[in-house]
Protein chains: 2
Amino acid sequence: MELKVAAAVACRDCALYQTAKVLGLETPDCSSLNRVVLRDHPVNKNEVLYREGDSFRYLYLVHSGSCISSATILGRRSQVMGFYLPGEMAGIESIGQQKCNHTTRVLEKGSVCQLDFLMLEETLGKDELIRVQSYLLGASAIHARQLQWERSLTSLQTAEQRVAAFLLNLAGRFESHGFPGHQFRLPMSREAIADYLGLAMETVIRTLKSLHKKGLISSRAKHIEILDRTALSTLLRS
Amino acid sequence: MELKVAAAVACRDCALYQTAKVLGLETPDCSSLNRVVLRDHPVNKNEVLYREGDSFRYLYLVHSGSCISSATILGRRSQVMGFYLPGEMAGIESIGQQKCNHTTRVLEKGSVCQLDFLMLEETLGKDELIRVQSYLLGASAIHARQLQWERSLTSLQTAEQRVAAFLLNLAGRFESHGFPGHQFRLPMSREAIADYLGLAMETVIRTLKSLHKKGLISSRAKHIEILDRTALSTLLRS
DNA sequence: CGAGATGTTGACGACCCTCAAGTGCAGTGG
DNA sequence: CCACTGCACTTGAGGGTCGTCAACATCTCG
């Protein structure tokens, strides 16, 4: 409808590109890169990238579109664990393990680059391997920071705080990948947000409306505009 | 008072020992090991191992006693992020980053082994470095799994579910380090549990009492006994 | 023994989950 | 162009859970 953003990261802003760089795969003709990377592979809505229990093999860089990942934890029904925006890397949460512990599917159709993680380890020399591992440790750390952020949602008491934190987090992530952070399109349904935040869908809806009425955001369908970022942040400080 | 367990892991059950093994530092006289590891260093209650913002340098293996870590996230007051039991590694959450993002202090006095992470990287040869990095990726993955578990607390609706999940998690961790899982001493205060779980202290107390009355656990001061593990697990399945 | 920290209990009210009914929108086929 | 269907979203009413506050008990340690 309105601003149907064909949001896509430039390759140089892409995390996989960084990976490729540390690999020394940045040759002029990209021949080495092409051995381990499948580039700009189109994916359709609801397509599954990988499933819980699959043996771990690939990292996916979301080039355009977006993904949602879920997992069954604590023996409960599958829960939404996170979202992958353009420029972010899916599959990273399974590094260091035999099997994937998330199921990740496409939320909005787009394209992904795919890196064969196993072939990487087999193909590389020692020096390259050291750089790759070192890079992956850094990537794991970034993933861990996001996990810690999500973990701290537990201590946010009100639905208003959780929704505000969610919007600010999305804004920051969009910005860090080169998109405007004050105005964006929510890739996911209200229900997915609710599941992710541990709230009921109705509560998410009412909270968005309430923030809208207070003038802190504009929320119309999937289009979000952040009008008063400072006030939103202040909500979090208990 | 009662069963003042001098809970301490045997060195072979210790995560640092595993590290040392992958390092090839397992020489008969331990001379190499002693270069990077400070062993069995006694620590007192409330002693700070490292502080938020410190530059990252050491990994700590809790040998006996226990630790609590906290962080300021979302711009709020410091929040309890986790506990380190005997056999677990503190500091792992800062791997891949310049600075520590947690403050970790001693909850019950005991002793820790300390590994100089920076000296490690300087001292080692390529092959050793590859093994270390590979091991650390695995350790990060374990840490990430615990983070994911904690993250999923958000979706547990009732206080009863959160407390049950907490007790089961502790039980599992004690067991995986060679201690009985059905009966243990809580190292931390009710307040710390509450903060960790995102609940009020009073709620934690009432919930423990309620679980006690239902016959699922026995809770007397810091002493916990798990009487019906199956029923506790069932509580989590919504 | 006394003082401060930690833990416990009760009363009350706000917040949010549940359930249920209703609205808007996209895609389909006549 | 219109009805029709399905789905996501919205709105309202009611009740339970848990946070807050305040008083009190117990534990710990000098």
Side-chain angles (χ1 to χ4, degrees), chain A residues 1-2 4 44-46 66 68 76-77 79-80 107-109 153-166 185-214 217-224 235 238, chain B residues 1-4 44-46 68 76-77 79-80 105 107-109 153-166 185-214 217-224 235-236 238:
Chain A
M1 293 281 87
E2 51 201 333
K4 194 80 165 186
N44 288 315
K45 182 166 177 168
N46 289 328
S66 53
I68 183 173
R76 322 178 73 235
R77 76 178 195 301
Q79 186 200 338
V80 173
L107 209 47
E108 298 173 304
K109 78 171 184 179
L153 285 175
T154 306
S155 73
L156 294 182
Q157 297 295 348
T158 69
E160 192 174 54
Q161 289 180 321
R162 290 196 188 177
V163 171
F166 173 69
R185 187 182 141 81
L186 290 174
M188 72 296 282
S189 69
R190 301 283 194 261
E191 181 127 45
I193 299 175
D195 195 341
Y196 176 73
L197 294 177
L199 299 171
M201 180 184 46
E202 297 89 329
T203 305
V204 170
I205 290 167
R206 283 187 254 260
T207 306
L208 283 174
K209 185 169 207 176
S210 149
L211 289 175
H212 185 115
K213 272 201 282 196
K214 291 184 186 172
I217 66 171
S218 156
S219 156
R220 177 169 169 67
K222 301 224 186 263
H223 181 71
I224 292 287
L235 283 181
S238 206
Chain B
M1 290 294 82
E2 52 200 338
L3 95 145
K4 193 81 164 189
N44 288 315
K45 180 164 180 173
N46 289 328
I68 183 172
R76 322 178 73 235
R77 74 178 196 300
Q79 187 199 339
V80 173
R105 63 180 71 231
L107 209 46
E108 297 174 307
K109 76 172 187 178
L153 286 175
T154 306
S155 74
L156 294 182
Q157 296 296 348
T158 69
E160 190 173 54
Q161 288 180 322
R162 291 195 186 177
V163 171
F166 173 69
R185 185 183 143 81
L186 291 175
M188 71 296 283
S189 68
R190 303 282 195 260
E191 180 126 47
I193 299 176
D195 194 342
Y196 177 72
L197 294 177
L199 299 171
M201 180 183 50
E202 296 89 328
T203 306
V204 169
I205 291 168
R206 283 188 254 260
T207 307
L208 283 173
K209 186 169 205 175
S210 150
L211 289 175
H212 184 115
K213 273 200 284 198
K214 290 183 186 171
I217 66 171
S218 156
S219 156
R220 177 170 168 66
K222 300 225 186 261
H223 181 71
I224 292 287
L235 283 181
L236 302 187
S238 203

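Computed from a predicted model, the values in this text were never measured in an experiment. Residue numbering restarts at 1 for every chain, and letters A, B, ... go by the order of the sequence lines.
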Would you mind reading off the distance between [X] atom [atom1] and [N] atom [atom2], rounded to a whole angstrom?
{"X": "B:Asp195", "N": "C:dG7", "atom1": "CG", "atom2": "P", "answer": "13 Å"}
{"X": "A:Glu191", "N": "C:dT18", "atom1": "CD", "atom2": "P", "answer": "11 Å"}
{"X": "A:Leu208", "N": "D:dA8", "atom1": "CG", "atom2": "P", "answer": "17 Å"}
{"X": "A:Ile68", "N": "D:dA8", "atom1": "CD1", "atom2": "P", "answer": "12 Å"}
{"X": "A:Lys213", "N": "D:dT10", "atom1": "NZ", "atom2": "C1'", "answer": "13 Å"}
{"X": "B:Ile224", "N": "C:dG7", "atom1": "CD1", "atom2": "C1'", "answer": "13 Å"}
{"X": "B:Arg190", "N": "C:dA5", "atom1": "CZ", "atom2": "P", "answer": "19 Å"}
{"X": "A:Ile205", "N": "C:dC19", "atom1": "CD1", "atom2": "C1'", "answer": "14 Å"}

Quiz item: Taking side chain as C-beta onward, heavy atoms only, is B:Asn46 less than 4.5 Å from B:Leu107?
Solution: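 The answer is no, as the side chains (C-beta and beyond) never meet within the 4.5 Å cut-off.
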For residues 186-204 of chain B, please give each side-chain donor-acceptor pair under 3.5 Å, one per line with the distance, not counting sequence neighbours.
{"from": "B:Ser189", "atom 1": "OG", "to": "B:Glu191", "atom 2": "N", "distance (Å)": "3.4"}
{"from": "B:Ser189", "atom 1": "OG", "to": "B:Ala192", "atom 2": "N", "distance (Å)": "3.0"}
{"from": "B:Arg190", "atom 1": "NH1", "to": "B:Ala221", "atom 2": "O", "distance (Å)": "3.3"}
{"from": "B:Arg190", "atom 1": "NH2", "to": "B:Ala221", "atom 2": "O", "distance (Å)": "2.7"}
{"from": "B:Tyr196", "atom 1": "OH", "to": "B:Glu150", "atom 2": "OE2", "distance (Å)": "2.6"}

Practice problem: Keeping the roles fixed (side chain from A:His212, backbone from A:Ser219), state whether a donor-acceptor pair exists under 3.5 Å. | Solution: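 Such a contact is found between A:His212 side chain and A:Ser219 backbone.
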Exercise. Please round to 10 degrees the angle between the axis of the first five pairs and the axis of the last five pairs in the helix from C:dC1-D:dG30 to C:dG30-D:dC1.
Key: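 Computed from the C1' atoms at both ends, the axes differ by 40°.
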Quiz item: Do any side-chain nitrogens or oxygens of B:Lys222 fall under 4.0 Å of OP1 or OP2 in D:dC27?
Solution: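 No, B:Lys222 has no side-chain N/O under 4.0 Å of OP1/OP2 on D:dC27.
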Self-check item: B:Lys209 side-chain N/O to C:dG7 phosphate OP1/OP2 under 4.0 Å
Solution: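 False: B:Lys209 side-chain N/O out of range (4.0 Å or more) of C:dG7 OP1/OP2.
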Self-check item: Distance in Å, B:Leu208 CG paired with B:Ser218 OG, rounded so as to fall on 0.5 Å steps
Solution: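 Reported value, rounded in 0.5 Å steps: 10.5 Å.
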Exercise. In sequence, state the C-alpha distance, the side-chain angles, and the governing distance for B:Arg185 and B:Ile224, and then conclude on side-chain contact (heavy atoms from CB on, under 4.5 Å).
Key: CA-CA 6 Å; B:Arg185 185 183 143 81; B:Ile224 292 287; over 6 Å; no
Self-check item: Minimum heavy-atom distance between A:Leu153 and A:Ala165, given as atom pair plus value
Solution: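 So the minimum-distance heavy-atom pair works out to CD2-CB, 4.1 Å.
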Self-check item: Where protein sits on nucleotides 14-19 of chain D, one letter per nucleotide: B base, S sugar-phosphate only, - none, heavy atoms under 4.0 Å
Solution: ----SS
Quiz item: Should A:Arg206 and A:Glu160 count as an ion pair when the cut-off is N to O under 4.0 Å?
Solution: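 Answer for the salt bridge query: no.
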Quiz item: Does the pair B:Lys222 and B:Glu108 meet the rule for a side-chain contact (heavy atoms from CB on, under 4.5 Å), with working shown?
Solution: CA-CA 12 Å; B:Lys222 300 225 186 261; B:Glu108 297 174 307; 6.0 Å; no
Practice problem: Just do the side-chain contact (heavy atoms from CB on, under 4.5 Å) check on B:Arg76 and A:Leu156 with the steps written out, would you? | Solution: CA-CA 10 Å; B:Arg76 322 178 73 235; A:Leu156 294 182; 3.4 Å; yes
